[in-house]
Amino acid sequence: MALAFCGDEGNSTAYNVDHGVLNNGCFVDALNVVPHVFLLFITFPILFIGWGSQSSKVHIHHSTWLHFPGHNLRWILTFILLFVLVCEIAEGIVSDGVSESRHLHLYMPAGMAFLAAITSVVYYHNIETSNFPKLLIALLFYWTLAFITKTIKFVKFCDNGVGFSQLRFCLTGLLVVLYGMLLAVEINVIRVRRYVFFKTPKEVKPPEDLQDLGVRFLQPFVNLLSKGTYWWMNTFIKTAHKKPIDLKTIGKLPIAMRALTNYIRLNEAFEAQKNKRPSSPQGSGSIWRALCCAFGRPLLLSSTFRILADLLGFAGPLCISGIVHNVGKGNNTIRPQTKILGVFFISSQEFLSNAYVLAVLLFFALLLQRTFLQASYYVAIETGINLRGAIQTKIYNKIMQLSTSNMSMGEMTAGQICNLVAIDTNQLMWFFFLCPNLWAMPVQIIVGVLLLYYLLGISALIGAAVIIVLAPVQYFVATKLSQAQRSTLEYSNERLKKTNEMLRGIKLLKLYAWEHIFHSSVEETRQKEMTSLKSFALYTSISSKSFSFFIHYSVNGQLSSCNSVFPFSVQKLSEFLSSDEIEEHDKCPELRSADAQSKYQAVVSNNITNGFFTWTPEGPPALSNIDIRIPQGQLTMIVGQVGCGKSSLLLAILGEMQKISGNISWSRYDHLMQEGILKMLREDKRTVVLVTHKLQYLPHADWIIAMKDGYIQREGTLKDIQKSETELFEHWKTLMNRQDQELEKETTIETKTVLERTNLRRTMYSREALLKDDEEDEEEATESDDEDNLSSVLHQRAKMPWRLLKHTVMVAIDYCLARWTSDAISEKMEVELKNCSHCEVRDILTLNFMISTLILCCLGIVLCLVTSIAVEWTGLKVTKKLHASLLNKIILAPMRFFETTPLGSILNRFSADCNTIDQHIPATLECLSRSTLLCVSALAVISYVTPMFLIALVPLAIMCYFIQKYFRVASRDLQQLDDSTQLPLLSHFSETVEGLTTIRAFRYEAKFRQKLLEYTDSNNIASLFLTAANRWLEVRMEYIGACVVLIAAVTSITNCLYSKLSSGLVGLGLTYALMVSNYLNWMVRNLADMEIQLGAVKRIHGLLKTEGCWFIFSFPCNWPDRGEIQIQNLSVRYDSNLKPVLKHVNAHISPGQKIGICGRTGSGKSSFSLAFFRMVDTFEGRIIIDGIDIAKLPLQTLRSRLSIILQDPILFSGTIRFNLDPEKKCTDSMLWEALEIAQLKHVVKALPGGLDAIVTEGGENFSQGQRQLFCLARAFVRKTSIFIMDEATASIDMATENILQKVVMTAFADRTVVTIAHRVHTILNADLVIVMKRGLILEYDKPEVLLEQEDSVFASFVQADK
């Protein structure tokens, strides 16, 4: 066939210029080529030079400065222009196909215009980013010429009678409008910025973010093409493949995305809601309205993108339907009847009757639909991340104003607040991500039903009726899902609370052999949690599998889960934000204007007049009739017995208690430091308030406040009290004459023991320790990959006979429908051609196909449900076994493990990692296997339909491999960074809650808030980069999927036209090709997610290697019955790599003796006591109790037969009865007797419930001294023959301590008592005294013998305090 620009058909029409050259269509088309050639000729040298200069630039943000007016509009118009030009090219090719020769002028000018349009936008981008606005003159001339030439062509079409019925006329009109609009945009840029023709252009500075090289998240600043394809992430992804990603790599957040910016926006919305409804409380509805007001606009944009994507999604089925219809007729396009200006014109209907055109339109529709979909996802997630940062900041600010009573009275725990931050804020974030689905899905259903009605007729209404009938069932299932999810969260919170208490008190549990009690309690709660998880899995399977069988991927399950959790999360947030706050009397203007340059600051009151204070507004006064005066610049001491209200008085002064009545007047900011109270602070004339039990300091006090039972007993100087309260003064005098050894300990600080250092490291729950621990866990896990026994269990889950059978049935259903459709079309065409009836044969075929399809569908529904339930329940079985193994290993681990492993790291295994294995790994594994099988089945079906597709599949597969290879590396690093930046954030919340009173007292709120903003922004920037990386992957996979569809469509159409492939199989192949883009994406995403989530399994498996300590040995059932202790050459250490803390210790303690142990800090006293319980490593020597070496006894038995009281009081949430006797072995009379011995009987009797009175988490509803007394009572309950007191009276006033010492000496006269002395005078009445120094026994004799020796160390201890 001849090829010519104007055609060569043996006639002169194409070259006829009798009516003027402008009336010749070929000449007009040639004229339209001129502007494009001009632009290409002018811009290519400039672009080459420009690119060369850009390559030498160092600043990464220079190429992202987009500052010309109408920037986004220009890009949108250019995209539309490119699509219209593609349509013009296709129209020219199709219309030229019916001619005898090829007319290049029908599509070559459009091709040149396509190249010029791409060049124009590239040229413009380089001008804008390089800031060379004078070069815009080339574009100004180009748009002008293009607009003029295209207008001439449009006018000539009108003159020759070409109208709207011809597609070329419509396309030309569109091009005129587009070129005109682009010309207007160009003129506007020059006019507004005074470029090109103006001498002094308007100066414009880059935004602050782009001037900061630390800001590397560029999504808000790049052009639309880079935004839509995440092109700017290419460099980041490639860099991540070369070196690991860290916080320095991802940089800082842009200002508009920072937590402070979003918090201000959210707070303004909250205040607006308050002003609208000042009388109504701040409920869930108010919070919802505030969230919508603050973040509704981007959510609306996301929803718009989603609806556009969903509408474009229907282009796929429509195009496939058209392709099947057209290839069924041989793709015979109707021959155009209109010939004007020497060429044929076709209508839009004739244009769309070509199967190849529909294939190209399907390709572009998929590109646009996937771009809109990913844009919707990104905007929604970005909004959710901004929302999360704002809510976390608001929660933190609320914590800073939270009333102390909320914590001390058990209304709110640190764990609940951390759950609110860690779980509920994330639920709100994911709700915003899934929110566009709420109104996008109804649009999908409505449009889908309408299209089905258009294609199938009345049958579509039957399907719609099924959806309506199932709606109540879905609502019921959603309700059950909500209930199951809520109960799961509640049981999970309860389990974590118990686990946290167990880990915090693990030392006490081991010493008392109570591990099995708390193990059973945690397991009981875990069992309830597993029951809820099974219900949740069942209803999820029913919801997302059975009712959406033909939808291979559905978000129903996610929506149900999110919608069920969202109201619960908002309710919890509402309750928290409505909690009581501290009163404003500690924020007077005088304080705010005080000197803020001090390093250590606390607020001190001058006086309180007629003050009544309570912990709760409705509760009784804890402090009554308080009238005190605190002299400015002097030392004031507050003294009194345990529980009299000393600490409460300080908290009342600081504004931490609820004031019922009275007045508090404030002075200024004053310093309050523990060190140097008697020296530096007194010399500087600073006001000091000291709460103490150490009455020997009273002579140093300028003013004394004595308290009793919440009242002020006496106030004045020591001399005033001596004169007016003789009896009280004499009592004090007796106590003041006693020696307090702690003073000497503080003034002579020696090197601390290794145990104290490790305890300090454990207590300092720092981010560095956590990150180091995670790194060690990962290294250990990497080494144990091959021997991971849990991996084998997961591998068993990964065996897919049910899944394979299910997908085989699904493919069989689709194939059956394709054959049914193909046979129906063939029958119809045969009837039309032969004009005969084959109704009877066709009815038999239809009946057979209908029965086969019905059977396969029912089988598929059953298999889907069975597979889903089996996968979920198998996963729950695995996680149940894993949690039980982890709990057993941890609770039996040696104490050294807990001293060297951060508590937060262990707790994270039980919380985040167990949650990942409970809920995420099963879903991810199911989705991975499903997407993999669907990809394989789709590619197999396409290859079966068109084997030529395999040739084109090779380069696409190579591209997929490299994309997923680069993505998985970056995704893993970003996910780990997201997790690691969340740990210090949660730790900061926990530390703030625990130290809230101290932070407010020292006025450090601003510093802690700033730290919170830094942690939040670090976590958010990691989340945003992870989101952008996911979108980067998905866009590329979607585009590759679109290429798969295009190649499959073209090869199928060609195969059908030339190899007589049935049209039904063409439709089957294209339908499966549409799925490839979805499941390629999900396959790679789930592969990366699974790789990350299996890290939780590996970390837990690392803890499963922890060795427990159990021994089997026969011993008398009543051992020990006498209490004789023999210590023979004992040497102990805390680890095999550390130095010994006890060296060759020898001692003999007879039955019933009272032994006192003293020594300076680090001398080994506590290690001595721990050796009895085998809490430390005894590498030499032995301890024999009643003739049995304790090393041969089971730990459970050994520890259950001894009693110890630790210096740090530990109480558990529950009742007083549970804290005293968790084993439930004692009668009430025995418990009351122990409380009476501990001087607590009157306190417990006054509580509602008595022995069943509630103890809050950590015993916060009791004072420090009372908690210590409860621990004493707990030890008294255990009727053991050996009783050890490790500085057990450190938090008790001296009067109460004296009473307890007498009780111990009399009530335990027949028991062996070992007392580690906090105050030396407490062991003066002991039978024997052991003085230790650096792990050695320095002195060992009766106290009276040691006191008589002049060079005795013990005598020097006693003499120093006289």
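Small disclaimer: the values here were computed from a predicted structure and weren't measured. Only heavy atoms go into these numbers, but all of them, side chains included; no hydrogens, no water, no symmetry mates.
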**OP:** Could you check L573 against I395 for side chain to side chain contact (heavy atoms under 4.5 Å, CB included), going step by step and ending with a plain yes or no?
**Re:** CA-CA 8 Å; L573 181 63; I395 290 173; 3.9 Å; yes
Interatomic distance, CG@L996 vs CD@Q401, rounded to 0.5 Å, equals 10.5 Å
In short, F432 meets G384 closest at the heavy-atom pair CB-CA, 4.1 Å
Review point. Do T992 and Y396 have side-chain atoms, one donor and one acceptor, less than 3.5 Å apart?
Key: yes
Q. Heavy atoms, side chains only, cut-off 4.5 Å: are F613 and I608 in contact?
A. yes
Can you find a pair of side-chain heavy atoms, one from I712 and one from N625, that are under 4.5 Å apart?
no
CG of L977 to CG of L247, rounded to nearest 0.5 Å, is 5.0 Å
Legend entry - N1020 side chain vs N386 backbone, donor-acceptor pair below 3.5 Å: no
- request: Answer whether the closest heavy-atom distance between the side chains of N262 and I391 falls below 4.5 Å.
  value: no
| field | Test item: R1267 side-chain N/O and L1211 main-chain N/O as donor-acceptor pair under 3.5 Å | value | no
- Determine, stepwise, if the pair F1002 / T997 fulfils side chain to side chain contact (heavy atoms under 4.5 Å, CB included). CA-CA 9 Å; F1002 282 83; T997 304; over 6 Å; no
Discussion item. Within the structure provided, determine whether V522 and T525 are in side-chain contact (heavy-atom separation under 4.5 Å).
Written reply: no
d(L985 CG, S990 OG) to nearest 0.5 Å is 11.5 Å
Distance col, row R495:CZ vs M502:CE, nearest 0.5 angstrom, shows 10.5 Å
> With side chains defined as the heavy atoms from C-beta onward, is the minimum distance between K252 and I1021 less than 4.5 Å?
Replying inline: no
| task | Kindly say whether Y263 contributes a backbone atom to a donor-acceptor pair with the side chain of N267 at under 3.5 angstrom? | result | no
Steps toward side chain to side chain contact (heavy atoms under 4.5 Å, CB included) verdict (L1240, F1262): CA-CA 11 Å; L1240 282 173; F1262 294 100; over 6 Å; no
For P1209 and C1271 the tightest heavy-atom approach is CA-SG, 3.6 Å
Item to complete: Verify, without hydrogens or angle tests, whether Q1268 (side chain) and L1206 (backbone) share a donor-acceptor contact under 3.5 angstrom.
Response: yes
Counting C-beta onward and ignoring hydrogens, is there a side-chain heavy-atom pair between N426 and Q982 closer than 4.5 Å? yes
All heavy atoms of T1215 vs all of V1255, minimum pair found to be C-CG2, 3.8 Å
Give a yes or no answer on whether the side chain of H988 reaches the backbone of L983 with a donor-acceptor pair at less than 3.5 Å. no
Does the side chain to side chain contact (heavy atoms under 4.5 Å, CB included) test come out yes or no for T1016 and L260, once each step is laid out? CA-CA 9 Å; T1016 305; L260 180 59; over 6 Å; no
Treating D1017 as the side-chain partner and L253 as the backbone partner, does any N or O pair qualify as donor plus acceptor under 3.5 Å? no
query: So, is the end of the K1007 side chain (NZ or CZ) under 6.0 Å from the ring centre of Y1004 and within 45° of the ring's axis?
result: yes
Separation between OG1 (T383) and CE (M429), nearest 0.5 Å, reads 11.5 Å
Value for CZ (R526) from NZ (K498), rounded to nearest 0.5 Å, stands at 13.5 Å
Original post:
Between D1252 (side chain) and R1217 (backbone), is there a donor-acceptor pair under 3.5 Å?
Top reply: no
*With distance as the sole criterion, is a donor-acceptor pair present between the side chains of N500 and R504 under 3.5 Å?*
yes
Do E529 and D918 have side chains that approach each other closer than 4.5 Å (heavy atoms only, starting at C-beta)? yes
* Asked: Is the backbone of M257 close enough, under 3.5 Å, to the side chain of T261 for a donor and an acceptor to pair up by distance?
  -> no
Item to check | Distance-only donor-acceptor check, side chains E501 and S1213, under 3.5 Å | outcome: yes
Polar side-chain atom of K398 near backbone of L577 as donor-acceptor pair, under 3.5 Å: yes
Correct closest heavy-atom pair for A259 and G389 would be CB-O, 4.1 Å
| task | Taking S492 for its side chain and T488 for its backbone only, find out whether a donor-acceptor pair lies under 3.5 Å. | result | no
Closest heavy-atom pair, F295 versus A390, reported as atoms and distance to 0.1 Å, is CZ-CB, 4.0 Å
Sorted by chain and number, sequence neighbours left out, side-chain contact (heavy atoms from CB on, under 4.5 Å) with D913 holds for R909, A1096, R1099, I1100
Worksheet item: Is it the case that S1023 and R388 place a side-chain donor and acceptor less than 3.5 Å from each other?
Response: yes
Over 12 non-hydrogen atoms of neighbours within 6.0 angstrom of NZ in K1011: no
Residue set satisfying ring pair (Phe, Tyr, Trp, His ring centres under 6.0 Å) with F1218, at least two apart, ordered chain then number -> F518
For I381 and W430, the nearest pair of non-hydrogen atoms, with its separation, is CD1-CZ3, 4.5 Å
Sub-4.5 Å side-chain heavy-atom contact between I399 and V993: yes
